[in-house]
S.K.: 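Sharing a structure with you now.
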Amino acid sequence: MRINQIAHHRRDHAGKSRIGRTTGIAAIALGLLLSAAPARADWITSWSAAPVRPRTDLGPLMAPRSYNNQTLVQTLRIAAGGKALRLRLTNAYGEKPLEIGGVRIALLDPQGAEVPGSARMLRFGGAATARIPARAPLLSDTVDMPVPDLARLSVQIYVPGDTGPCTCHESGLDTLRVSPPGNYLGKPFEPVQQGPHRPFLAAVEVDAQDGAGTIAMLADSITDGIGSTPGANRRWPDFLAARLLAANPGKWGIANQGISGNRVLSDGFGDSALARLDRDILALPGIRYLIVFEGVNDLGIAFGAERMAQQAGRPNVLADGTKVTLETMLAGYRQIAARARARGITAVGATIAPYKGATYWTPEAETVRQGINAAIRSGTIFDAWLDFDAAFADPANPQQMRPGYHMGDFLHGTDAGYEALAASIDLSLFK
């Protein structure tokens, strides 16, 4: 496939200092200080899940959840491994401080059982408990815990009090297990509730090998993995991680910041891509490439959902008056690319996948999609581009997804579709 690239500006992580006229004694003292400094850590983001604001007007998918004196057990798979790790917790949409009564992590074997001796209790500023202020994140202390590439982890969070509405990622595609009342860290229990969402957990950061970095995705449900096999890590970023790490072990973390229903220009299912870019991408360590793969919901909701709501005689709760045109969409993409470049991140745009046959497809939206994709392919919007439109398209009807590549809704992929999407990416893009 064709890739348009500009030179990637590498950052000097060690930093540079210039010393002018310095006495011999001062130079010796400086040398002693530098030699005594601790070894530099190469922190990257190896796994992530973007937090989403709960809403009461969008049905059960986004309904607020809360927990009280319970232990929440989540399973995840990181991309690149390392010699140590730390967790990034989040109370981004909390209405009050969130009390953390303890966090325990452990490696899992292929059967899902804990690897003996791998479990660690996390600390926060040296303490076993923590309080996360409303609307804030919390980074744990570093824990020495060697983890291999593509390691599976169990993350157990005990919340001793009433959390209020949860800052959750809604479609975690793995099983959250919620305990009866009490601290069950490291203890077996029969869950009183299970679900696919991820409460209060935003990222896993690892101290990786020299030269490692992270590839982040600012995206929607197709990247979130809707349609893939739950618990099997078959989203297209998961397939991409496996390809990258087979070619360059230990080098690439993945920060999948896809939110189902997300849009570039408007809030709704999560804050808009423009609004969440700083928190979900630029604030994370080690990001070197950003893949922007969203826009289909802007088109579908602006053109199709509005029409369906009018026909049904009900309000479109996601309509906010935002004008969705070719020009406004391209302006949004340019802004994302410019803000990424300002941080030394290479911005990669992916063409919008075909979706004719989906309930909110319209001819008017298709015209805008074709215009967006032509602009992305021209190389004038992003530093590089990926042709996900071509990777998903049915050769017999390019406005639709290929049979077998979508879950039946002509919008979301299958395991095979997501694997094909990842396989379409030329790995030489990532240096």
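The first residue of the sequence shown is numbered 1, and numbering continues consecutively from there. Reckoned from all heavy atoms, side chains included, excluding hydrogens, waters and symmetry mates.
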S.K.: Between E294 and R263 (salt bridge meaning N to carboxylate O under 4.0 Å), is one present in this structure?
M.R.: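 Judged by the 4.0 Å cut-off on N to carboxylate O distance, E294 and R263 do not form a salt bridge.
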S.K.: Which residue in the set S260, S228, S221 passes side-chain hydrogen bond (donor to acceptor under 3.5 Å, both in side chains) when paired with H412?
M.R.: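 Among S260, S228, S221, the one meeting side-chain hydrogen bond (donor to acceptor under 3.5 Å, both in side chains) with H412 is S221.
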S.K.: Please check if any side-chain donor atom of T322 sits under 3.5 Å from a side-chain acceptor atom of S266, or the reverse.
M.R.: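 A pair is found: one side chain offers a donor N or O, the other an acceptor, under 3.5 Å apart.
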S.K.: What pair of heavy atoms forms the shortest contact from D220 to N262, and how long is it?
M.R.: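 Looking at all heavy atoms of both residues, the shortest contact is CB-O, 3.8 Å.
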S.K.: Salt-bridged, R235 to E419, with N to O below 4.0 Å?
M.R.: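 Looking at R235 and E419, the cut-off is not met.
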S.K.: Taking 4.0 angstrom as the limit, do D207 and R86 come out as a salt bridge?
M.R.: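 R86 and D207: not salt-bridged.
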S.K.: Before accepting this row, confirm whether a basic side-chain N of the pair D144/R120 lies closer than 4.0 Å to the acidic partner's carboxylate O.
M.R.: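 R120 and D144: not salt-bridged.
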S.K.: Examine distances only and state if a side-chain atom of N297 and a backbone atom of G300 form a donor-acceptor pair shorter than 3.5 Å.
M.R.: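 The answer is no, because no donor-acceptor pair under 3.5 Å joins these two groups.
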S.K.: Any side-chain donor paired with an acceptor under 3.5 Å for T351 and D387?
M.R.: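 T351 vs D387: donor-acceptor pair found between side chains.
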S.K.: Mind checking the OG1-CD1 spacing from T90 to I132? Nearest 0.5 Å is all I need.
M.R.: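 One gets 7.0 Å once the value is rounded to the nearest 0.5 Å.
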S.K.: Aromatic ring centroids of Y355 and Y360 under 6.0 Å?
M.R.: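 Yes, the ring of Y355 comes within the 6.0 Å limit of the ring of Y360, centre to centre.
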S.K.: Does the distance from a Lys or Arg side-chain N to an Asp or Glu carboxylate O, for D383 and R341, drop under 4.0 Å?
M.R.: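 Salt bridge flag = yes for R341 with D383.
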S.K.: Under 4.0 Å between a Lys/Arg side-chain N and an Asp/Glu carboxylate O for D280 and R276?
M.R.: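 Yes, charged N to carboxylate O under 4.0 Å.
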S.K.: Do the two ring centres, one from W236 and one from F388, sit under 6.0 Å apart?
M.R.: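 Here the rings of F388 and W236 have centres that are less than 6.0 Å from each other.
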S.K.: Taking the side chain from T229 and the backbone from A232, do they hold a donor-acceptor pair closer than 3.5 Å?
M.R.: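 It does not hold such a pair.
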S.K.: At their closest point, which heavy atom of L173 faces which heavy atom of D224, and how far apart are they?
M.R.: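 Of all heavy-atom pairs spanning L173 and D224, the closest is CD1-O, 3.5 Å.
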S.K.: Any sub-3.5 Å donor-acceptor pair from D42's side-chain atoms to Q209's backbone N or O?
M.R.: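 Judged by distance alone, no pair lies under 3.5 Å.
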S.K.: Do side-chain atoms of D415 reach the backbone of Y405 as a donor and acceptor pair under 3.5 angstrom?
M.R.: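 No, because the side chain of D415 does not come within donor-acceptor range (under 3.5 Å) of the backbone of Y405.
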S.K.: Inspect the contact between E190 and R177 and indicate whether a charged nitrogen and a carboxylate oxygen are less than 4.0 angstrom apart.
M.R.: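 So R177 does not pair with E190 through a salt bridge.
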S.K.: Looking at the rings of Y289 and W252, which for Trp means the six-membered one, are their centres under 6.0 Å apart?
M.R.: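 Aromatic pair counts; centres sit under 6.0 Å.
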S.K.: Indicate yes or no: at least one non-hydrogen side-chain atom of I381 is less than 4.5 angstrom from one of R334.
M.R.: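 Sidechains of R334 and I381: in contact.
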S.K.: Check whether any side-chain N or O of D141 sits under 3.5 Å from a backbone N or O of G125 as a donor-acceptor pair, and report yes or no.
M.R.: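 Pair found, side chain donor or acceptor close to backbone of G125.
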S.K.: Does A49 have any side-chain contact (heavy atoms from CB on, under 4.5 Å) partners at least two apart in sequence or in another chain, and if so, which?
M.R.: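 Only W47, H169, R198 meet the side-chain contact (heavy atoms from CB on, under 4.5 Å) criterion with A49.
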S.K.: Where does the angle between the aromatic ring planes of Y67 and H197 fall among parallel (under 30°), tilted (30 to 60°) and perpendicular (over 60°)?
M.R.: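 It falls in the parallel class, under 30°.
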S.K.: Just checking Q194: does its CD atom have more than 12 heavy atoms from other residues, nucleotides or ligands closer to it than 6.0 angstrom?
M.R.: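 Counting other residues, nucleotides and ligands, CD of Q194 exceeds 12 neighbours.
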S.K.: For Y93, does the six-membered ring have the charged nitrogen or CZ of R135 within the cation-pi criterion, i.e. under 6.0 angstrom from the centroid and within 45° of the normal?
M.R.: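 Pair R135/Y93 does not count as cation-pi.
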S.K.: Verify, without hydrogens or angle tests, whether T214 (side chain) and I287 (backbone) share a donor-acceptor contact under 3.5 angstrom.
M.R.: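 Side chain of T214 to backbone of I287, a donor-acceptor pair under 3.5 Å: no, none is there.
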S.K.: Which atoms form the tightest heavy-atom contact between T328 and K323, and what is the distance?
M.R.: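 Closest approach of T328 to K323: OG1-O, 2.9 Å.
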S.K.: Is D389 salt-bridged to R377, cutoff N-O under 4.0 Å?
M.R.: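 Salt bridge present between D389 and R377.
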